[in-house]
2 protein chains.
Amino acid sequence: MGIKERKEKHKEDLRQRILDAAKDLFLKDGYEATSIRKIAEKIEFSPTTIYLYYKDKADIMYALHQEGFKLLGSQFGVLQHVSEPFERLKAMGRVYMSFALSNPDFYELMFIMKEPIEFVKAHCHDEEWEEGEQAFTALILTVDQCKAAGYFTSFDTTTFALNVWSLMHGLCSLKLQGHLDHMATTKAHMLEEGDWLEKTFEGFIAMLNSLK
Amino acid sequence: MGIKERKEKHKEDLRQRILDAAKDLFLKDGYEATSIRKIAEKIEFSPTTIYLYYKDKADIMYALHQEGFKLLGSQFGVLQHVSEPFERLKAMGRVYMSFALSNPDFYELMFIMKEPIEFVKAHCHDEEWEEGEQAFTALILTVDQCKAAGYFTSFDTTTFALNVWSLMHGLCSLKLQGHLDHMATTKAHMLEEGDWLEKTFEGFIAMLNSLK
DNA sequence: TTCATTTTATTAACACTGTTAATTATGTTT
DNA sequence: AAACATAATTAACAGTGTTAATAAAATGAA
């Protein structure tokens with residue numbers, strides 16, 4: 001009987017329509033403005049209907065956050081073709097930074113807000129976190145290959161990877177939250193114009209080079 | 001006439017009582033749970049009275065965020081007595097990290113949330129940001145002195161300082177937001193036990209040492 | 001086809017939130 | 001005591017996430 005399948009598909013369809021509507025609102029107006037009622041209005045359903053497809057708002061945000069990780073993952077994927085590990089590491093940094101700047105709301109949801117990761121801790125007790133770990137695994141692998149190629153030889157791989165991630169995350173966060181621009185406009189000796197995000201990143205690359 | 005002064009003092013008193021109540025709630029239950037109504041109940045006033053002393057909730061949060069910067073500033077202050085610049089730089093990192101872990105809500109308000117800094121941009125158009133800049137100025141100064149002492153000689157001071165801040169901020173953020181612990185529990189090759197915050201920080205210090 | 005059952009969607013309501021306008025109470029000055 | 005200014009309050013608006021009870025629709029068996 002194909003009827004049940006068609007129903008299942010219909011159900012899955014509506015689930016997706018809810019997510020699409022939520023994504024639209026989220027990317028346009030941010031987290032707060034993405035209310036259950038507005039999502040419902042967009043898909044022309046009653047607000048409470050949404051609760052038949054998602055546990056709560058955090059559930060929807062978790063789904064969106066997964067989409068974000070898929071996007072980042074796909075951008076990281078193409079870097080596998082950069083064979084030289086140190087080149088790849090630098091490119092990863094650029095891609096990460098570019099992703100954060102191009103998708104600030106996604107980045108906030110994925111790395112800054114605590115709501116989605118608390119949802120993971122509460123409901124995904126198993127090992128369903130693939131998307132997120134994959135990116136970090138890729139970083140660890142690349143650092144390992146860098147070490148094999150003679151870079152960072154005196155450092156522990158995981159520790160070094162965490163340092164790289166911390167720096168990139170901190171840099172992107174400070175930029176997105178406006179702290180970087182704020183320092184640039186208020187500190188007198190920074191008035192020599194210039195894109196401090198770019199400059200700082202270049203400084204980071206220079207540091208990595210010195211660490212060979 | 002001392003009456004007017006006493007009235008002024010009374011007004012300033014209530015303003016402080018509001019802030020204290022807000023601080024209590026904020027440190028106990030976080031940002032969201034600190035509602036105007038709860039603050040009002042705590043000081044036994046009507047909710048709307050608060051609007052006679054603070055423009056809105058963001059204003060209160062800005063005041064709290066300033067208190068946070070004063071606290072961090074005082075902790076940074078004692079570091080002035082560490083004469084060796086590189087030692088002082090390392091100590092600054094430790095103090096920053098310790099502050100973030102001991103005052104997670106303050107840290108979030110000061111460096112992670114965008115609400116207070118948007119309030120600054122909107123209402124403190126002048127140069128009233130002292131508290132925040134002071135800490136960064138201290139960092140720049142220390143980096144400069146490190147350079148004078150032969151460290152990081154090939155790097156631009158401001159760029160290097162931004163890198164240090166980014167790394168420390170990223171590390172603390174990832175820790176507070178739970179990402180660090182999450183990676184530790186899910187990634188198989190990280191199961192060797194251990195405080196990854198501490199290990200990563202030590203790795204950072206090692207990096208700085210290699211950069212001499 | 002009709003009736004009973006299950007699934008899906010809706011309305012109404014709860015308990016909150018920040019915030020504003022209009023009104024009352026308080027205290028000061030003439 | 002009357003007039004005024006300040007301070008505080010009540011009532012209300014426009015939202016929020018979420019749940020329980022009810023109505024509608026689709027499905028199963030007789």
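Every value quoted in this text rests on a predicted model; they were computed, and no experiment measured them. Chain letters run A, B, ... following the sequence lines, proteins first, then strands; residues in each count from 1.
Atom CD1 in A:Ile50 sits about 13 Å away from atom C1' in D:dT16, given to the nearest Å. The distance between atom CZ of A:Phe45 and atom C1' of C:dT11, rounded to the nearest whole Å, is 16 Å. Taking atom CD of A:Glu41 as the reference point, atom P of C:dT11 lies 13 Å away to the nearest angstrom. Across the protein-nucleic acid pair, B:Asp13 atom CG and D:dA7 atom C1' stand 15 Å apart, rounded to whole Å.
Looking at residues two or more places apart in sequence or on another chain, you find no salt bridge (Lys or Arg N to Asp or Glu O under 4.0 Å) involving A:Arg37. Legend: residues meeting side-chain contact (heavy atoms from CB on, under 4.5 Å) with A:Leu101, ordered by chain and number and at least two apart, are A:Lys175, A:Leu176, A:Leu197. For A:Lys114, the side chain to side chain donor-acceptor pair (under 3.5 Å) test picks out B:Glu108, with sequence neighbours left out. Taking A:Asp144 as the reference, nothing meets the salt bridge (Lys or Arg N to Asp or Glu O under 4.0 Å) condition, with sequence neighbours excluded. For A:Lys23, the salt bridge (Lys or Arg N to Asp or Glu O under 4.0 Å) test picks out A:Glu67, with sequence neighbours left out. Residues satisfying the side chain to side chain donor-acceptor pair (under 3.5 Å) criterion with A:Glu202, sequence neighbours excluded, are absent altogether. With sequence neighbours excluded, no residue forms a side chain to side chain donor-acceptor pair (under 3.5 Å) with B:Asp56.
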Nucleotide-level pairing of DNA chain C, given in dot-bracket where Watson-Crick and G-U pairs need both distances under 3.5 Å and | marks other strands: |||.||||||||||||||||||||||||||
Donor-acceptor contacts, no H, no angles, side chain residues 89-100 of chain B, under 3.5 Å, sequence neighbours left out:
residue: B:Lys90; atom: NZ; partner: B:Glu87; partner atom: OE2; Å: 3.1
residue: B:Arg94; atom: NH2; partner: B:Glu198; partner atom: OE1; Å: 2.7
residue: B:Arg94; atom: NH2; partner: B:Glu198; partner atom: OE2; Å: 2.6
residue: B:Tyr96; atom: OH; partner: B:Tyr107; partner atom: OH; Å: 2.7
residue: B:Tyr96; atom: OH; partner: B:Trp165; partner atom: NE1; Å: 3.2

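For B:Ser46 and D:dA8, the shortest distance from a side-chain N or O to OP1 or OP2 is not below 4.0 Å.
Counting only heavy atoms from C-beta outward, the side chains of B:Tyr31 and B:Lys57 approach each other to under 4.5 Å. A heavy-atom distance below 4.5 Å is found between the side chains of B:Phe201 and B:Ile205.
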Worked verdict on A:Phe69 versus A:Phe111 for ring-ring contact (aromatic ring centres under 6.0 Å, His included): CA-CA 10 Å; A:Phe69 270 105; A:Phe111 297 111; 5.4 Å; yes
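Residues of residues 51-61 of chain B that place a heavy atom closer than 4.0 Å to DNA chain C, in numerical order, are B:Tyr51, B:Asp56, B:Lys57. The stretch residues 15-38 of chain A touches DNA chain C through A:Arg37, each having a heavy atom under 4.0 angstrom from the strand.
The CG atom of A:Leu14 sits 9.0 Å away from the CG atom of A:Leu52 when rounded to the nearest 0.5 Å.
With B:Tyr53 as the aromatic partner, B:Lys11 meets the cation-pi criteria of under 6.0 angstrom to the ring centre and within 45 degrees of the ring axis.
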Please write out the pairs of protein N or O atoms and N or O atoms of nucleotides 20-25 of chain D separated by less than 3.5 Å, giving the distance to one decimal.
none

